[in-house]
Structure formats: C-alpha cells, structure tokens
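A, B, ... follow the sequence lines: proteins, then strands. Residue 1 opens every chain.
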Amino acid sequence: MSDVAIRAEKLGKKFIIGHRAEVGSVFVDVVARGFRNALRKGTDMLRGRAMVEGDTVEEFWALRDVDFEIKRGEVVSIIGHNGAGKTTLLKILSRITEPSEGRLSIKGRVASLLEVGTGFHPELTGRENVFLNGAILGMTRAEVRRRFDEIIDFSGVEKFIDTPVKRYSVGMYARLAFAVAAHLESEVLVIDEVLAVGDAEFQARCLNRMSEVADAGRTVLFVSHNLAAVTALTKRAIVFQSGRVYFDGAIDEAVAHYATSLRKVKNGGNWGKGNTTSLISAMLVDASGMPTDRYEPGTPLRLRVVLETSGLRGMSLELVLRDEHNLPIGFYSTNVFNQVSLPGKPGQYECSLVLEPYWLASGEYCFDLMTGLTYVDTDHRVDNALRFLVERCSPDAIPFNFSQAKGNGALAMRLASPVEFTELPAAGQEPKPGPG
Amino acid sequence: MSTFDPDNRPLILEAGRADHQYWIDLWRYRELFFILAWRDVAVRYKQTVIGVVWAFVRPFMTMVVFTVVFGSLAKLPSEGSAPYAVMVFAGLLPWTLFGSVLSEASISVIGSANLITKVYFPRLVVPLSTVVVALIDFLVSLAILAGLMLWYGLVPGWQILLLPVFVLLALMAAIGPAIWAASLIVKYRDFRFIIPFVTQIGLYVSPVGFSSKVVPEHWQMLYSINPMVGVIDGFRWCILGGDSPIYWPGFLVSLVVIAVMLVWGAHAFRRSERAFADII
C-alpha cells in the first residue's frame with residue numbers, strides 16, 4: 001500500500017450564481033421583473049433545482065482541475081488570496097460539500113476545523129459545551145472525558161467552566177473552543193485560519209500545539225493568510241489562484257509565487273495609462289516585506305506602488321483610503337505633505353510608503369491611487385487599486401472587536417493621556433460663598 | 001469529522017457518488033444524536049419562569065377547549081362510555097407528538113445551518129434528534145392522561161401494553177413527511193410557511209377533537225388515507241379498550257401510507273442532503 005494520505009484528481013466545484021440586471025424604477029418594469037423571476041424560480045422548483053436569486057444566472061467554478069497528492073505525515077499549507085478556492089477545497093476535504101467533477105481520495109479519519117466553536121450553545125455551560133462541541137467534531141463521549149482535564153487546562157478557563165458561555169468574553173470563548181478542537185484524535189487534520197483568535201500568548205500556544213500535532217506524524221493541512229505562521233509550520237505549500245493550483249512546492253518559493261499571484265489579481269494587468277505617468281501595480285506588505293491582504297491595526301501601514309514616469313517634475317503620488325462604504329477616510333500626498341515629487345529621471349520605480357500606525361476598525365478597506373499635480377490636475381487615477389482587510393481591532397487589548405459594522409466609523413480613537421473627571425457644582429445651586 | 005475506516009480503505013469523494021456506508025455512518029454518529037437531543041432538552045425551558053410546567057399547561061388547555069367546543073357545545077358523541085375529555089386527550093396525545101415532530105424536525109435543518117456548513121455528519125441526525133424533545137413532552141402529557149383517568153376512575157385494559165407500538169407509529173408517520181419537508185425547506189423556504197398551515201389544518205381534519213366514528217361508514221376508507229386517523233384510533237383503542245374498536249381495513253390503509261411516506265421522505269432527504277451546505 002502506498003503512503004498517500006490525500007489524492008485529488010481533476011477536482012472541480014461549480015456554483016451557479018445570479019446577477020441582478022439594472023432595471024429602472026418604472027413600476028411596470030419592476031412588476032415585470034418580479035413576474036419573470038417568480039416564473040423562473042417556479043420552473044427551477046418543478047425541475048427540483050435549487051433556485052438562484054437574480055435576473056441572469058451564470059456558472060462559476062470555485063475550483064477546477066485541481067490535482068495534488070499529500071503523503072501521510074506531511075504538513076502542507078494552502079495559500080491563496082480571498083476567493084482563490086481554498087475554503088471550497090477544505091469543504092470538499094471535510095465532506096461538507098461534494099465535488100462537481102473529479103475525485104478525491106482520503107485515507108484515515110479527517111478532523112476539520114473550519115471554525116472554532118461550531119455548535120457552541122450560549123445557554124449551556126463551558127463544561128456542557130465541551131461535550132457538545134466534541135460530539136459535533138466527531139469525538140465520542142469517552143474520548144472527551146479522557147481528555148477533559150487536558151482541554152480545560154489548555155483553555156485556561158477552568159474557573160468559569162460551569163458558567164454559561166454567553167457570559168464569556170470573546171477571548172475565553174475562542175480559547176475554550178480551540179482547546180476542544182486541538183485535542184481531536186485523527187489521522188488527517190484540516191485547519192482553517194483558527195489562529196486569528198485570542199491574544200498573542202494564546203496564539204503562540206496554538207502554534208505550538210499545531211507543530212506538536214505535526215511532529216506526531218499526522219497529516220496536517222493548514223490554511224492561512226498568516227505567512228509567518230505558514231513558513232514556520234510547513235515545508236510545502238500549495239498556492240491557489242482563481243480556483244486552480246498556481247504553484248505546488250517548497251514553502252519559500254510558494255510564498256514568492258503567492259506574492260506574484262497577489263499582484264496579478266490586484267491589478268489584473270490593466271490599469272491603463274496616464275499622460276506622463278502610469279500606475280502599474282500596488283500591494284500591501286507586512287513587516288517582513290511579504291505581500292499580504294491583511295492589516296494589523298496599530299502597526300505601520302506599508303505600501304509598495306510600482307509606477308512609471310516620463311520624468312516630468314512636480315508630479316505627486318497620492319492615496320485616498322476608503323472604508324467599506326466607499327467613504328474617503330484619509331488622504332496622503334507626497335507633494336503636499338512631504339514636498340517629495342516623483343523622480344525626475346524617466347523609468348519604472350517601486351515606491352515604498354510606510355504610513356504611521358492607525359487603529360482601523362475591522363472590516364474592508366481600499367486605496368485609490370493617483371498621480372498628478374495636487375488640486376490642479378490628475379494624470380492617472382486608479383480607483384479601488386488596493387483592497388485589504390482588518391480582521392480584528394482591539395486597541396489597548398480591549399476584549400471585543402471594534403468593527404466598522406458597529407456604525408461608529410473606521411477609526412478607534414485612543415487617548416494621549418488618561419481620562420479625568422472633575423466634579424462640577426450641580427446646576428441651579430448657588431456657588432458657595434468664599435471664606436471670610 | 002469524517003468516517004473512521006477500520007479496513008483502512010480510502011474514502012472516495014466524487015460527484016453523485018452513492019455512499020454505501022451511510023446507514024453505518026448514521027449509527028456511528030449516535031452520540032451526536034444524543035447530545036443534540038440533550039442540548040435541545042437542556043435549553044428548552046431555560047430563562048422561563050414556570051419552566052417545565054409549560055409542558056403541562058399547553059396540552060391541558062387544548063384538551064379543555066376541545067372538550068368544551070366539540071363535546072359540550074357541538075354535542076358530538078364520545079366513544080362508548082368514555083368521558084369526552086379522556087377521549088379527546090387520547091387523540092390529542094398522538095396528534096401533538098406528530099405535530100411537534102413535523103414542525104420541529106422540518107425546520108431543524110435550516111436551524112442548524114452553522115453546523116451543516118462547518119462540519120460533516122449524516123444530516124439525518126439533525127431532524128431525528130428533535131424527536132427526543134417531542135417524546136419528553138409526550139411523556140408529560142401521558143402523565144396528565146393518567147391523572148385524568150384516575151379522576152374518572154377508568155382502568156385501561158390489556159390493550160394499553162401495545163401503546164408503545166402506536167407511539168412508534170406516530171413517530172414514523174411524522175418523520176416521513178418531516179424529513180421530506182426539511183430537505184425541501186433547505187431549497188425552497190416556501191415550505192416553511194406550508195408546514196404550520198398543514199399542522200393547523202390537520203388538527204381539525206384528523207379525529208382529535210371528535211371520534212373517527214363520527215365520519216360516515218362509506219367514507220371511512222378514504223378518511224384513513226390521513227395516516228393520523230389510524231394512529232389516533234390505535235391510541236384510543238389502547239387507552240379506552242373495548243369502548244373504541246379499531247376499523248381494521250382503514251388502519252391498514254394508514255399503515256401503508258405511513259410506510260410509503262417514510263421511504264419517500266428518507267429517499268428525498270438522502271438525495272438532496274449532499275448539496276445542503278451549498279444552498280442552505
């Protein structure tokens with residue numbers, strides 16, 4: 001018998017997606033559209049198909065022609081930007097969804113962790129949830145009981161183990177949930193982004209636990225955006241792009257390929273041209289210079305912009321930062337803010353910009369890029385040139401995630417000095433007469 | 001979590017592949033079944049003031065209303081010498097069991113969307129586990145019935161020993177349509193609105209508030225196509241004994257309908273469950 005644990009052959013997964021056509025607000029048109037859609041949904045139902053919202057439908061391949069082999073005991077990371085097909089692959093691997101074509105064969109029991117705390121019930125206590133979650137992940141009660149102390153120990157919430165989890169803080173909840181998952185016994189372990197929980201200390205513990213798992217000879221598939229973790233944990237990576245395997249091999253090369261795949265997707269190779277200057281590509285990088293699409297609030301915001309100039313003097317590079325409602329929330333100009341112009345010598349340049357740390361609320365952001373003479377003329381403008389995501393914003397280690405969705409804006413404001421309260425005399429009360 | 005394969009044969013995942021291991025898998029996931037059921041039971045009466053008393057109040061009030069409306073106002077006949085209230089309650093028991101399994105199980109799958117999109121398990125575990133809560137409520141109602149019979153000084157005959165058979169039958173009658181509806185609701189939420197309607201109408205169409213003997217003789221056969229007619233008659237026969245003989249040909253029709261719906265429901269559920277995670 002060969003020692004291949006997982007083999008994918010021509011694996012593909014198709015979705016049907018709907019698009020909403022532009023229809024005016026004329027009453028007749030709206031009613032006609034309603035009828036058309038109801039008719040189409042009705043026929044879908046009669047034919048036993050799932051219905052799709054929208055006016056026109058289209059096939060979308062989330063994964064296509066995917067081939068790979070993973071040997072028993074190998075630790076492999078799966079990397080790719082959002083929408084590259086990683087999660088779809090994990091869902092097929094963990095049997096949540098079925099492939100549309102091709103086949104996947106797996107040897108041994110698969111434990112998959114697509115989310116921590118799946119099925120946790122807020123009304124139940126921590127102890128009860130450990131058993132519930134264990135059963136959902138496929139552990140028997142005997143197995144959970146055997147490892148119960150280990151799990152509680154790992155989570156560090158033993159004081160609250162008999163409290164309903166709805167009273168837990170986000171961090172405690174996540175720690176308990178990861179603790180259960182980390183003690184699963186299986187031959188193949190599939191992990192998706194679970195390291196995005198808890199504080200730095202707990203994250204380190206998670207990473208440790210995962211390398212233990214790997215050392216114990218189990219096959220591990222690890223999906224992450226955290227390139228540092230990926231590099232530390234795995235030797236081999238499979239890079240996905242647009243549903244296909246873009247690269248499969250050693251981790252260092254894979255990370256480099258991931259960078260190019262990011263660049264490719266970001267600019268699509270076609271940003272057009274300006275008259276005297278042209279923006280070519282842009283990316284966000286982390287502290288080690290690796291391309292990323294995540295930003296950790298409170299760290300410098302690092303950008304690399306590739307552009308071409310004809311050498312015209314006085315040209316400026318400018319950025320507009322927008323929140324998820326596409327509202328501008330920040331502006332930067334090399335000319336106006338720093339009296340720095342684009343180089344006077346014609347050619348292509350990579351411009352590295354390091355902006356000071358911001359406490360951006362979690363959610364999506366994008367940058368518009370511009371070249372030109374500030375307030376006078378724009379030469380080349382690329383809207384929505386660079387998108388990035390903030391996963392969690394907890395300034396000063398607050399126990400919750402400040403998010404754009406809260407409706408309080410995109411910036412968590414911090415104090416320069418502690419809050420002070422000075423008591424004032426109550427309204428309507430006469431000021432006390434001074435002594436004497 | 002995937003199947004554990006003792007023979008170390010690889011698990012093959014392919015489009016449209018029939019899973020021969022399904023029923024064995026279902027058995028392996030029995031712990032999940034119990035724990036989901038236990039979860040539902042444990043949280044059922046949390047943050048309520050009178051807690052489990054609710055399980056008494058609802059069936060008791062329904063029984064009172066039905067006895068007044070059908071027995072006292074409409075003056076429908078009871079069965080033999082049995083008090084009307086007992087006759088109503090003997091019909092209400094299986095109907096409530098049927099109705100709550102049908103309504104809970106059919107929406108249970110979309111209610112567990114977070115589980116279904118995140119972990120693998122035989123999806124049938126979800127609707128099946130809702131049966132336990134309904135059964136517990138049923139046992140509470142059964143205790144009320146015992147009290148009621150004590151009040152009237154009724155002693156059940158030997159037929160009461162067959163009651164578990166009819167409880168099982170009521171469950172099977174509910175599970176067939178429930179899992180079919182559950183798989184349909186995942187695709188078309190329309191059925192979410194249809195099921196409450198069915199249980200509401202069914203309460204009056206089935207012989208719950210009245211005796212099935214009220215239905216004219218020549219319609220009995222047709223009436224028995226409603227599977228709950230056979231089940232309710234069976235319950236009354238068990239509880240009231242000789243006062244309520246079963247109409248056997250009609251009972252057989254009900255049995256056949258129950259069996260057909262069960263097989264059809266399981267088939268429909270199995271066929272569509274593989275795509276649940278994609279469309280839920």
Side-chain angles (χ1 to χ4, degrees), chain A residues 1 4-8 11-13 15-16 41 44-45 48-52 91-115 118-119 121-124 128-129 131-142 144 164 184 186-188, chain B residues 1-17 19 25 28-36 38-40 42-47 112 114-123 125-126 129 183-184 186-191 268 271-280:
Chain A
M1 274 218 161
V4 175
I6 303 170
R7 173 185 285 133
L11 202 63
K13 176 78 189 176
F15 289 100
I16 309 287
K41 284 181 194 166
D44 278 352
M45 189 165 138
R49 288 195 303 230
M51 50 185 212
V52 181
K91 287 199 166 175
I92 294 175
L93 264 170
S94 38
R95 294 182 71 185
I96 293 163
T97 177
E98 210 187 35
S100 312
E101 60 173 38
R103 60 191 264 157
L104 186 73
S105 53
I106 305 171
K107 239 185 246 170
R109 196 158 88 148
V110 180
S112 66
L113 264 178
L114 269 62
E115 183 191 68
T118 306
H121 197 290
E123 298 281 356
L124 299 178
E128 290 166 337
N129 268 309
F131 282 92
L132 174 63
N133 193 225
I136 286 169
L137 294 172
M139 281 195 257
T140 64
R141 218 154 354 151
V144 179
L184 277 172
S186 68
E187 284 84 50
V188 180
Chain B
M1 181 74 107
S2 193
T3 43
F4 175 68
D5 212 337
D7 334 324
N8 206 17
R9 262 184 323 189
L11 170 76
I12 310 279
L13 304 176
E14 255 176 340
R17 188 183 177 89
D19 191 348
D25 237 19
R28 284 194 190 117
Y29 275 83
R30 63 191 180 280
E31 290 221 356
L32 181 62
F33 166 85
F34 287 120
I35 211 146
L36 287 180
W38 162 79
R39 175 195 70 182
D40 292 343
V43 302
R44 185 153 166 89
Y45 296 111
K46 286 229 168 144
Q47 242 173 29
S112 305
N114 66 329
L115 285 189
I116 285 173
T117 54
K118 300 292 180 198
V119 269
Y120 166 79
F121 53 88
R123 306 319 192 188
V125 170
V126 170
S129 71
S183 64
L184 281 171
V186 172
K187 272 189 188 169
Y188 319 110
R189 297 288 144 96
D190 305 56
F191 287 88
R271 207 185 37 197
S272 55
E273 74 172 322
R274 277 175 304 206
F276 277 179
D278 298 337
I279 53 184
I280 202 160

With sequence neighbours excluded, what pairs up with A/Thr97 under the side-chain hydrogen bond (donor to acceptor under 3.5 Å, both in side chains) test?
A/Lys13, B/Asp278
A/Ser100 versus chain B, heavy atoms under 4.5 Å apart: side chain, backbone, both or neither?
backbone
Rounded distance [0.5 Å steps], [atom1] in [X] versus [atom2] in [Y]:
X        : Y        : atom1 : atom2 : result
A/Met139 : B/Ile35  : CE    : CD1   : 10.5 Å
A/Glu98  : B/Glu273 : CD    : CD    : 10.0 Å
A/Ile96  : B/Arg123 : CD1   : CZ    : 7.0 Å

For residues A/Arg103 and B/Ile12, report the shortest heavy-atom separation together with the two atoms involved.
NH2-CD1, 3.3 Å
For A/Ile106 against B/Leu13, the heavy-atom pair lying closest together:
CD1-CD1, 4.0 Å
Taking side chain as everything from C-beta outward and backbone as N, CA, C, O, which of these in B/Thr117 sits under 4.5 Å from a heavy atom of chain A? Side chain, backbone, both or neither.
both
So which part of B/Leu184 gets closer than 4.5 Å to some heavy atom of chain A, the side chain, the backbone, both or neither?
neither
Would you say the side chain of B/Leu32 lies within less than 4.5 Å of the side chain of A/Ile136, judging by non-hydrogen atoms?
yes
Within-4.5 Å side-chain heavy-atom neighbours: B/Leu36 and A/Leu132:
yes
Got a sec: does the CZ of B/Arg30 have more than 12 other heavy atoms crowding it under 6.0 Å?
yes
ring-ring contact (aromatic ring centres under 6.0 Å, His included) partners for A/Phe131, two or more places apart:
A/Phe148
